[in-house]
Each structure stands twice: as structure tokens, then as C-alpha cells.
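Just follow the structure's listing: the first ligand is 1, and inside any ligand the first atom is 1. The basis for the numbers below is simple: all heavy atoms, side chains too, and nothing from hydrogens, waters or symmetry mates.
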Amino acid sequence: MTMPGSSPAASPGAAAAAYTVRDPKAPPVLPGTVHDVDLPIIEKDMTVATGAVVHVWTFGGEVPGPVIRVHLGDTVRIHLTNQTQMSHSIDFHASQTAMDHQMVEIPVGGTFTYTFQADYAGVWMYHCGTAPALLHIANGMFGMVIVEPKGGLSKVDDEFAFVQSEWYLGKPGQTVDYAKANSTAPAPDYVVFNGIANQYKDNPIPVKTGGRVRVFVLDAGPNEDSSFHVVGTIFDTVVKEGIVLAKGNAGGWGSQAVDLSPAQGAIIEFSPAENGMYPFVTHAFNFVTHGAIGVFKASAGS
Ligand SMILES: [Cu+2]
């Protein structure tokens with residue numbers, strides 16, 4: 001195969017470590033109504049595709065940063081500790097606050113607590129806002145906040161969280177290439193779900209045939225749109241940026257793909273009709289051949 005991510009990419013010198021598969025399951029909602037979340041800012045080497053290592057900047061030591069899931073109205077206190085060699089900051093789209101109040105620079109070795117109330121339900125982005133924010137996002141500093149709606153979400157068989165993003169490779173083992181990311185016609189080396197090219201194609205995700213699957217999707221960009229589609233399914237429920245398509249609606253409407261621009265999120269639900277493989281992609285297919293593909297494998301027993 002010649003598809004990027006499926007074979008070792010150009011990486012002179014030492015062989016890249018195998019990538020570590022990111023657990024695709026969405027975490028449960030945090031208990032209680034006031035949450036203290038430690039989010040250390042950490043830099044590290046990360047294998048982002050087979051044969052490709054990037055020196056990433058992270059929230060919580062992973063790209064994307066951890067999914068934070070809360071109830072509507074909860075208070076969230078994020079305790080940041082900057083363990084890297086440069087200053088960073090954070091911007092929670094689930095919050096309402098002045099930029100110069102909480103999106104402040106956290107110096108090397110510094111700490112800061114960002115506090116917000118989850119006033120609106122949805123799938124929200126968080127990211128570093130330190131200039132140039134494009135570089136800090138492109139180098140791994142982003143993640144998802146899920147705010148459950150009033151009354152909470154219904155119980156389903158399986159829940160997953162996918163963040164789509166791009167990698168603009170620099171030299172092997174170094175940070176991303178800012179000039180490539182900053183192009184007005186950007187050409188990412190990889191477009192990925194949960195940080196790593198093709199990881200869920202290489203490691204299909206089991207789901208239950210006829211069961212109910214809920215996917216939280218966020219497009220972190222920094223530049224490219226997503227057209228999230230699951231081959232062989234129809235979405236009967238979509239909540240995109242507060243706009244609801246509800247299962248059982250009077251007109252019988254459904255959805256085939258959910259368009260997300262950078263920093264937009266959605267909740268999507270469907271049921272696999274029969275046993276077998278259901279690839280998920282961004283339907284911008286040039287990115288499918290650059291890593292933006294995974295597979296749900298449906299069986300009765302899973
Ligand atoms: Cu940063």
C-alpha cells in the first residue's frame with residue numbers, strides 16, 4: 001500500500017516508535033456539580049502516524065487533550081501547570097470570559113486556574129491561544145469539552161469521541177512546520193481522528209449490530225473542514241452547534257454527513273443495520289488517503 005500512514009513515512013535516522021492507540025470511548029460525565037481538573041501542559045515526542053514523530057505540545061500529555069464531560073450548569077475549575085520550555089495559555093469555547101481575564105499567558109513553570117460555568121450544552125473546543133495560536137493548535141494543543149443538555153443525554157450502547165485535526169510535519173522528531181500550516185492553501189501531511197493517522201482503520205472499533213451508537217465529533221482544524229460520514233449508516237439524530245435533528249421527527253428526516261468548520265462540534269447517533277464493517281471518514285476524500293479514516297466493526301456479540 002502506498003497510502004500515507006499505512007506504510008513507514010520518510011523518517012531518516014532512528015526508527016520511529018509504534019504509535020499508541022488512543023481509546024476512542026467517550027468518558028462518563030464527571031460526578032457532582034463542581035469539578036477540579038488538573039491539566040498539566042507537557043511537551044513530548046509522539047508518533048502521529050506510522051513512521052512519523054512530532055515533538056508535540058499537549059494539555060495533559062496527550063493529543064488531543066483529555067475529553068472533559070460535565071452537566072449543564074456545572075462549575076469547572078481547570079488547574080494548569082506549565083511544564084514546558086515556553087509560555088502557553090488556554091481558551092475554553094464552553095466558557096464566557098474576557099480574553100485578558102483568563103486566556104492569559106502561563107509562563108514556564110507557572111500555574112493558573114481557569115474557571116467557568118457550563119452555561120450552554122454542546123461539543124466545545126478548547127485550545128491554546130498563545131500567539132501564533134495557529135502554531136500552538138497545529139502542534140497539538142486542543143481538546144473537547146462535552147456539556148450535556150438539560151436532563152442529560154439518553155443511555156446508548158456505545159459512545160465515542162473523535163477530534164479531527166491536521167498534522168503539518170516538520171523535520172522528524174521536531175515541532176510542526178509553521179509555514180506549511182500557515183499557508184492559505186494548506187496541504188496537511190495527515191488529517192487524523194484523535195491525533196493519529198489511520199489508527200482506527202488499523203484497529204477497528206467494535207459496536208453492537210442494531211445497537212445505538214453516539215459519536216461526539218469536533219473539528220479542531222486548525223484549517224480544514226470536516227464532513228463526518230459513517231459509510232453504510234444514516235444519522236437519525238444530529239445536534240450540531242445547537243441545531244437539532246431528532247430521531248422520530250414528523251417528516252422522517254435523516255442526515256448523511258455532518259459539516260463542521262474548524263472549532264465546530266456535533267453529537268451524532270445511528271444504528272448499524274447488520275453485521276460488518278462501517279468505515280467513518282471525512283467525506284473530503286483527499287484527506288481519507290491522508291489518514292482520516294477509521295472503521296466500526298458491528299457484530300451481534302460485541
Ligand atoms: Cu501553547
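- The Cu ion (ligand 1) has an N, O or S atom of Met141 under 2.8 Å away, backbone or side chain.
- The nearest N/O/S atom of His136 to the Cu ion (ligand 1) is ND1.
- In this structure, the side chain of Lys150 does not engage the main chain of Leu72 through any donor-acceptor pair within 3.5 Å.
- The minimum distance between the Cu ion (ligand 1) and any N, O or S atom of His88 involves atom ND1.
- The aromatic rings of Phe160 and Phe162 sit parallel, their planes meeting at an angle under 30°, below the 60° perpendicular limit.
- In summary, Glu62 and Arg22 engage in a salt bridge, as defined by a charged side-chain N under 4.0 Å from a carboxylate O.
- A distance-only check finds a donor-acceptor pair linking the side chain of Ser89 to the backbone of Gly129 [under 3.5 Å].
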